[in-house]
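From a predicted model like this one, the values you see are computed outputs, not experimental measurements.
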Amino acid sequence: MKKTSIVLNVILAVLAGVLIFKVANTEEPQGNAAYDNIMTRCSVRAYDSERTVPDEIIEKILRAGMAAPTAVNKQPWAFVVIKKPELLKELADSLPNAKMTANASFAIVVCGDMDKALEGVARDFWIQDASAATENILLAVNSLGLGAVWTGIYPNMERANVVSNILNAPKNIIPLCLIPVGYPAEEKNIKDKWKPENIHYDGWN
């Protein structure tokens, strides 16, 4: 009787193990950090002005920006990190959509470097490249527990010229956008932007 009981217990244990294995391999994944980071990213416009972001975190953010895809690997971008309070305030006062910059821990101006851009009709691919770098920066910021917002500069040349003057940028540099960054001082407002009506399969239908 004992042997029968032991054999039965072994069989039941094996069956339980098989069942657990099947369930574990058929259920949806419990989480995906990269996907979750994309879906929880949102614009943050209020920052804790008393907290400073360490330089090593800033470097991580910049590394993420430079990991973006780029046409023919030209990497026609330049990043200006603004940490001086007086410069942050000057940018805030000079750009109508960037008032929050005055309270940011730092800001990044993502620029296009025309000396590195493709020639001819492909020249404007720098905009896509610098935009991809900008999104990478925003995602890195979110993943590190910080907040940021994309504020547009180019193609508004009035804004671009103002920023170029503040940064003392050479003529081959075009500011695309300004990203103020800091520790959030507001609740995240995550928006559901899913709209099936914006999707078309195999053509416009």
Side-chain angles (χ1 to χ4, degrees), residues 41-49 51-71 73-118 123-186:
R41 189 217 63 79
C42 64
S43 296
V44 175
R45 295 178 173 82
Y47 317 105
D48 184 347
S49 58
R51 298 184 67 184
T52 302
V53 177
D55 288 340
E56 56 267 27
I57 298 298
I58 296 175
E59 182 176 321
K60 280 187 176 183
I61 293 168
L62 294 169
R63 284 178 176 272
M66 293 185 198
T70 163
N73 197 33
K74 294 295 285 186
Q75 304 176 37
W77 47 48
F79 306 91
V80 185
V81 179
I82 310 296
K83 296 169 68 175
K84 291 182 177 178
E86 60 270 24
L87 280 179
L88 292 170
K89 187 176 186 309
E90 188 174 0
L91 286 166
D93 292 341
S94 302
L95 297 170
N97 60 335
K99 301 302 181 187
M100 73 293 293
T101 306
N103 292 319
S105 176
F106 72 98
I108 299 173
V109 181
V110 180
C111 306
D113 184 342
M114 297 304 99
D115 285 350
K116 298 177 183 176
L118 293 165
R123 181 177 184 268
D124 281 348
F125 280 137
W126 77 265
I127 300 170
Q128 296 182 36
D129 294 346
S131 295
T134 299
E135 181 66 6
N136 271 20
I137 286 170
L138 294 173
L139 290 172
V141 164
N142 187 56
S143 73
L144 294 166
L146 301 169
V149 60
W150 182 330
T151 67
I153 299 174
Y154 185 85
N156 186 319
M157 290 311 298
E158 183 179 346
R159 294 182 188 178
N161 290 332
V162 166
V163 174
S164 291
N165 289 333
I166 292 173
L167 302 180
N168 195 29
K171 289 186 177 180
N172 59 298
I173 298 297
I174 301 177
L176 176 77
C177 64
L178 167 70
I179 310 171
V181 184
Y183 290 96
E186 64 181 5

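- A distance of 14.5 Å separates CD1 of I127 from CH2 of W77, quoted to the nearest 0.5 Å.
- Annotation: side chain of R159 is in contact with side chain of P96 (closest heavy-atom distance under 4.5 Å).
- The structure places CZ of R63 at 13.5 Å from CD1 of I137, a figure rounded to the nearest 0.5 Å.
- Checking side-chain atoms of S164 against main-chain N and O of A169 turns up no donor-acceptor pair under 3.5 Å.
- When all heavy atoms are compared, the tightest approach of V163 to I153 is CG2-CD1, 3.8 Å.
- Contact between A130 and V110 at its shortest, heavy atoms only, is O-CG1, 3.7 Å.
- For the side chain to side chain contact (heavy atoms under 4.5 Å, CB included) with I108, the qualifying choice from V80, I82, I61 is I61, the only one to do so.
- Not counting sequence neighbours, N156 has no partner by the side-chain hydrogen bond (donor to acceptor under 3.5 Å, both in side chains) test.
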Evaluate the criterion side-chain contact (heavy atoms from CB on, under 4.5 Å) for residue pair I173 and M114; output intermediate values, then yes/no.
CA-CA 6 Å; I173 298 297; M114 297 304 99; over 6 Å; no
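- Not counting sequence neighbours, the partners of K83 by the salt bridge (Lys or Arg N to Asp or Glu O under 4.0 Å) test are D55.
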Show every donor-acceptor pair shorter than 3.5 Å between a side-chain atom in residues 99-106 and any protein atom, with sequence neighbours excluded, or say none if there are none.
residue	atom	partner	partner atom	Å
K99	NZ	A92	O	3.2
T101	OG1	A98	O	2.8
S105	OG	V53	N	2.9

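- Residues passing the side-chain hydrogen bond (donor to acceptor under 3.5 Å, both in side chains) test with Q75, sequence neighbours excluded: N73.
- Evaluation of the ring pair (Phe, Tyr, Trp, His ring centres under 6.0 Å) test over residues 160-182, restricted to residues two or more places apart or in two chains, returns none.
- The two atoms that bring C111 and P175 nearest to each other are SG-CA, 3.9 Å, heavy atoms only.
- The heavy-atom pair separating E186 from R45 by the smallest distance is OE2-N, 2.8 Å.
- Pairs engaging residues 157-180 under the ring pair (Phe, Tyr, Trp, His ring centres under 6.0 Å) rule: none recorded [sequence neighbours left out].
- With sequence neighbours excluded, the residues satisfying side chain to side chain contact (heavy atoms under 4.5 Å, CB included) with K84 are E86, L87.
- When the salt bridge (Lys or Arg N to Asp or Glu O under 4.0 Å) test is applied to K89, the partners found at least two apart in sequence or on another chain are D93.
- Contact detail for L118 and A71: the closest heavy-atom pair is CD1-CB, 4.1 Å.
- The ring pair (Phe, Tyr, Trp, His ring centres under 6.0 Å) pairs that include a residue from residues 131-169 are W126-Y154, where partners are two or more places apart or lie in different chains.
- Between K60 and E56, none of the side-chain N atoms (NZ, or NE/NH1/NH2) sits under 4.0 Å from a carboxylate O, so this pair counts as no salt bridge.
- For R51, the side chain to side chain contact (heavy atoms under 4.5 Å, CB included) partners two or more places apart in sequence, or in a different chain, are D48, Y183.
- By the side-chain hydrogen bond (donor to acceptor under 3.5 Å, both in side chains) test, T70 pairs with D129, sequence neighbours left out.
- Taking each heavy atom of P180 and A107 in turn, the nearest pair found is CA-CB, 3.9 Å.
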I166 vs S94, side-chain contact (heavy atoms from CB on, under 4.5 Å): CA-CA, chis, key distance, verdict
CA-CA 9 Å; I166 292 173; S94 302; 3.6 Å; yes
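- Taking the side chain to side chain contact (heavy atoms under 4.5 Å, CB included) definition, one finds that P155 meets it with nothing, sequence neighbours left out.
- Expressed to the nearest 0.5 Å, how far CG of L62 lies from CG of N136 amounts to 11.5 Å.
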